[in-house]
Each structure stands twice: as structure tokens, then as C-alpha cells.
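Report on the following structure.
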Amino acid sequence: TIVPDEAMLGGLREIARAGFELETARQVSAARGWELTDEEPGFLRFRVHPPRSSGEQYLLTVSVRPEDRRPFAFVTLYY
């Protein structure tokens, strides 16, 4: 089981407060060391390495500027 840490949740809060704007999501992720793995229309997917992990990683998907749906972030809980 993966438990998101406070730093990751803080990054998600920043992205949400900015209205899930694409450039803000890129800036926040870069500042936090999240590795951008996929960029598709409406979505960014990151590989996140928890700070205290021993090589653990998990995927984080964030919707950006959704036009026909509510924005969201999807954190993988099992990897």
C-alpha cells in the first residue's frame, strides 16, 4: 500500500488552487521532483519517488483544464 506524504499532497493542493492549469501543474511537479512520464490532452502523468523510500515509486495522474468534467488527481495506492 502506498500512502501519499504531505509533500505530495501539498503539490496537489497547489495544482488544485490554480484551477488545474497546465503550466502551473508543470511548475509544481518540476519543483517537487516529480518525473513527467506522459502528457496527453487533458492529462499529465508523473512518476513520484517518496522521499523516504528505498527505490519505491508510484504513478500520479492529474487532469489539467478539463472542459467537460470535473478536475481530479488519481494516486495509485497499490503498485
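Here, residue 1 is the first one in the sequence, and each next residue gets the next number. Here the structure is a predicted model, which is why all the values come from computation and not from measurement.
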Legend entry - Pairing residues for Gln27 by the side-chain contact (heavy atoms from CB on, under 4.5 Å) criterion, not counting sequence neighbours: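 Checked Gln27 against side-chain contact (heavy atoms from CB on, under 4.5 Å); matches are Glu23.
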
Minimum heavy-atom separation for [X] and [Y], please, with both atom names.
X     : Y     : value
Leu44 : Ala25 : CD1-CB, 3.7 Å
Met8  : Leu60 : SD-CD2, 4.1 Å
Ala18 : Thr24 : CB-CG2, 3.4 Å
Phe46 : Thr37 : N-OG1, 4.1 Å

Listed by chain and number, what are the side-chain hydrogen bond (donor to acceptor under 3.5 Å, both in side chains) partners of [X], not counting sequence neighbours?
X     : answer
Glu40 : none
Glu14 : Arg32
Thr61 : Arg45

Inset, instruction - Quick one: pull up CD1 in Ile15 and CZ in Phe20 and give me the separation to the nearest 0.5 Å. - result: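 Between atom CD1 of Ile15 and atom CZ of Phe20 there are 7.5 Å.
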
